[in-house]
Amino acid sequence: SLLEETSLPLYFGWFLLSSVQVKVGCTAMDFLKTLDTLEAFKKHIADFAGQAEKEVDLEQYFETKETLHCTTKFCNYGKADGAKEYAKNPVVKKSYGSVFSLSLTALFVTPRTVGARVSLTEEQLQLWPADTEKESEVGIPVSASLPVGSRAHITLGCAAGVEPVQTGLDLLQILTLPEGEAVEEMELGSLRYYGEGRWMLSLREPICAAACFSSFYG
Ligand code: A2P
């Protein structure tokens, strides 16, 4: 029925509690502020700015997001494949409204997006759809190598005109590349460069983020 069709959300996911949103947002801002001052970053500045430009302000470059969350299932109000099945899953129903502790293990930046990698526990993986990392889904060859849940992330910001769905694709792309060269030891962890403006900072201390499993209707 029409009611059933429209009662599915835009997406399900873990929504960071508000105090945690501030903490994660500030950590990301500090990272961007430091990254664009590093010589290693400036060496590859053409990835982000025109050839002639010597500097880029990453804080301005990205439009930061308000409701920080880690999408589990994008349902598109029921139009996305597997949306109805996901919503009916007993684990999804049972977990709805519960608070989980997410582990943020890395921050990554590309010319399109900035995000945080989320490393899911076995329990959290029960809420993760099976086909999210499939090649047919993401359009890049991730051939069997990436474990389920690899795409889990929080979109922190997007460059002008870029849709947030890009963040997960950027993360998967980084994960399929050979480990980048370690360019800098930062206070937060070690920074690696993966070419074409792709940077990843593995956090020395993962950020523990309390988040409520729920859905967004928009
Ligand atoms: P993400 O999870 O990377 O942040 P939008 O505002 O574009 O409708 O997106 C709403 C949310 O759903 C965002 O969090 C976004 O990306 C996610 N999303 C949008 N499209 C898709 C998709 N095709 N597959 C997976 N997640 C999506």
Side-chain angles (χ1 to χ4, degrees), residues 7-32 59 62-87 89 91-110 112-133 137-138 148-159 162-175 200-201 203 206-218:
S7 66
L8 284 179
L10 182 60
Y11 60 89
F12 285 89
W14 288 286
F15 295 79
L16 301 197
L17 303 192
S18 58
S19 59
V20 183
Q21 296 218 27
V22 174
K23 182 175 126 186
V24 172
C26 289
T27 306
M29 276 304 162
D30 286 346
F31 171 52
L32 293 180
E59 277 182 284
F62 294 109
E63 291 166 25
T64 50
K65 297 291 165 189
E66 295 287 319
T67 315
L68 297 185
H69 65 274
C70 175
T71 304
T72 53
K73 176 66 186 174
F74 182 70
C75 293
N76 199 13
Y77 307 112
K79 287 186 286 240
D81 281 350
K84 288 190 194 74
E85 292 72 15
Y86 185 84
N89 181 335
V91 185
V92 169
K93 288 187 176 173
K94 185 177 78 97
S95 307
Y96 200 82
S98 301
V99 175
F100 291 73
S101 176
L102 298 183
S103 179
L104 281 47
T105 52
L107 299 175
F108 57 95
V109 172
T110 77
R112 299 165 296 279
T113 64
V114 52
R117 182 179 190 192
V118 179
S119 297
L120 300 175
T121 63
E122 285 300 321
E123 186 197 16
Q124 291 162 359
L125 280 170
Q126 294 187 349
L127 292 166
W128 195 256
D131 57 1
T132 318
E133 286 85 16
E137 280 287 309
V138 299
V148 168
S150 298
R151 186 173 173 170
H153 68 280
I154 296 167
T155 298
L156 300 168
C158 295
V162 175
E163 299 290 334
V165 66
Q166 187 62 45
T167 318
L169 306 181
D170 283 357
L171 172 59
L172 286 178
Q173 196 182 63
I174 290 174
L175 296 178
M200 183 137 93
L201 174 77
L203 297 172
I207 299 170
C208 178
C212 182
F213 180 70
S214 181
S215 63
F216 182 83
Y217 282 82

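In this structure, the separation between CG on L10 and CZ on F74 is 5.0 Å, given to the nearest 0.5 Å. Summarising the geometry, atom OG1 belonging to T155 is positioned 11.0 Å from atom CD belonging to E163; distances are rounded to the nearest 0.5 Å. The CD atom of Q21 sits 13.0 Å away from the NZ atom of K65 when rounded to the nearest 0.5 Å. With rounding to the nearest 0.5 angstrom, the CG atom of D170 is 3.5 Å from the OG1 atom of T113. The structure places CG of L169 at 11.5 Å from CD1 of I174, a figure rounded to the nearest 0.5 Å. Separating the CE atom in M29 from the OG1 atom in T64 is a distance of 4.5 Å, to the nearest 0.5 Å.
For Q126, the side chain to side chain donor-acceptor pair (under 3.5 Å) test picks out no residue, with sequence neighbours left out. Remark: T67 engages no residue in a side chain to side chain donor-acceptor pair (under 3.5 Å) (not counting sequence neighbours). Remark: S101 pairs with no residue by the side chain to side chain donor-acceptor pair (under 3.5 Å) rule, at least two apart or across chains. Residues forming a side-chain contact (heavy atoms from CB on, under 4.5 Å) with D30 (at least two apart in sequence, or on another chain): K33. Contacts of A116 classified as side-chain contact (heavy atoms from CB on, under 4.5 Å), with partners at least two apart in sequence or in another chain: L104, L107, I154, L156. In this structure, the ring pair (Phe, Tyr, Trp, His ring centres under 6.0 Å) partners of H69, at least two apart in sequence or on a different chain, are Y11, F15. Under the rule for a ring pair (Phe, Tyr, Trp, His ring centres under 6.0 Å), F108 has no partner lying at least two apart in sequence or in another chain. With sequence neighbours excluded, no residue forms a side chain to side chain donor-acceptor pair (under 3.5 Å) with T27. By the side-chain contact (heavy atoms from CB on, under 4.5 Å) test, T121 is found to be paired with E123, Q124, residues two or more places apart in sequence or in another chain being considered. The side-chain contact (heavy atoms from CB on, under 4.5 Å) search around A211 returns W14, L16, L102, not counting sequence neighbours.
Here the closest non-hydrogen pair linking L175 and S150 is CD1-O, 3.6 Å. Taking each heavy atom of V99 and A210 in turn, the nearest pair found is CG1-CB, 4.2 Å. For the residue pair Y96 and S215, the shortest heavy atom distance occurs at OH-OG, 2.6 Å. When every heavy atom of A209 is checked against every heavy atom of V20, the shortest pair comes out as CB-CG1, 3.4 Å. In this structure, N89 and V91 approach most closely via the heavy-atom pair OD1-N, 2.8 Å. Pairing each heavy atom of P9 with each of C75, the nearest pair is O-CB, 3.1 Å.
A donor-acceptor pair is defined here as one N or O able to donate and one able to accept, closer than 3.5 Å; no such pair exists between the side chain of Y86 and the backbone of D81. No donor-acceptor distance shorter than 3.5 angstrom exists from the side chain of Y217 to the backbone of Y77, with no hydrogens or angles considered.
L203 places none of its side-chain heavy atoms less than 4.5 Å from the side chain of T105.
Ring-plane geometry between F213 and F12 is classed as parallel, the angle between the planes falling under 30 degrees on a 0 to 90 degree scale with a further cut at 60.
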